[in-house]
Amino acid sequence: MVTDTISDMLTRIRNANMVKHQIVQIPSTKMSLAITAILKEEGFIEDFENYIENAKKYLLISLKYSGKSRKPVICKIERVSKPGLRVYTNSKKLPRVLDDLGIAIISTSRGVMTNLKAKELGIGGEVLCYIW
């Protein structure tokens with residue numbers, strides 16, 4: 001049984017990227033669905049879909065590569081806030097990832113969003129991960 005579903009999701013994506021798999025399967029939760037929707041919206045993955053197998057919900061994520069050498073679009077994906085050490089930030093100290101070339105995913109009172117969207121709305125929250 002996995003206690004930290006977000007880090008499990010990020011690790012599965014990271015491992016699939018390293019061996020250049022086209023599709024990765026992760027257990028579906030509300031948080032993983034929200035993070036996956038952000039990754040698609042920001043252009044880090046091709047697409048995703050929900051499916052049910054043996055009464056369990058899963059997400060199938062289609063990873064994105066560029067060029068003939070199939071270089072992964074996601075260079076690095078890093079978990080920030082962990083169950084043992086939560087990392088929170090206010091609206092004035094939101095993280096910038098590679099001068100806004102990457103994104104930070106923030107869990108706020110208005111839902112899960114990128115650091116750029118949270119800055120627009122002027123709200124802070126828990127910093128879940130960095131992606132670039």
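Looking at L39 and I13, their side chains come closer than 4.5 Å, going by heavy atoms from C-beta outward. Side-chain contact between I106 and P95 is present, with at least one heavy-atom pair separated by less than 4.5 Å.
For V127 against V80, the heavy-atom pair with the smallest separation is O-CB, 3.7 Å. Taking all atoms of both residues into account, the shortest heavy-atom contact from S107 to M31 is OG-CE, 4.2 Å. Residue V73 comes nearest to S66 through the heavy atom pair CG2-N, 4.5 Å, listed as atom of the first residue, atom of the second, then distance. The minimum heavy-atom distance between L98 and W132, with the atom names listed, is CD1-CD1, 3.1 Å. Scanning all heavy atoms of the two residues, the minimum distance from F48 to L59 falls at CD1-CD2, 4.0 Å.
The backbone N or O of S28 lies less than 3.5 Å from no partner atom in the side chain of S32, so there is not a single donor-acceptor pair.
Atom CD1 in I103 sits 15.0 Å away from atom CZ in R96 (nearest 0.5 Å). Separating the CD atom in E126 from the OG1 atom in T108 is a distance of 11.0 Å, to the nearest 0.5 Å. Between the CG atom of N17 and the CG atom of L63 there is a distance of 5.0 Å, given to the nearest 0.5 Å. The distance from atom NZ of K117 to atom CD1 of I123, rounded to the nearest 0.5 Å, is 9.0 Å.
In K119, the NZ atom is not crowded: 12 or fewer heavy atoms of neighbouring residues, nucleotides or ligands sit closer than 6.0 Å.
Sorted by first then second residue, the salt bridge (charged side-chain N to carboxylate O under 4.0 Å, His left out) pairs that include residues 4-31, not counting sequence neighbours, are D4-R79, D8-R12. The stretch residues 40-61 participates, sequence neighbours left out, in these side chain to side chain donor-acceptor pair (under 3.5 Å) pairs: Q25-Y51.
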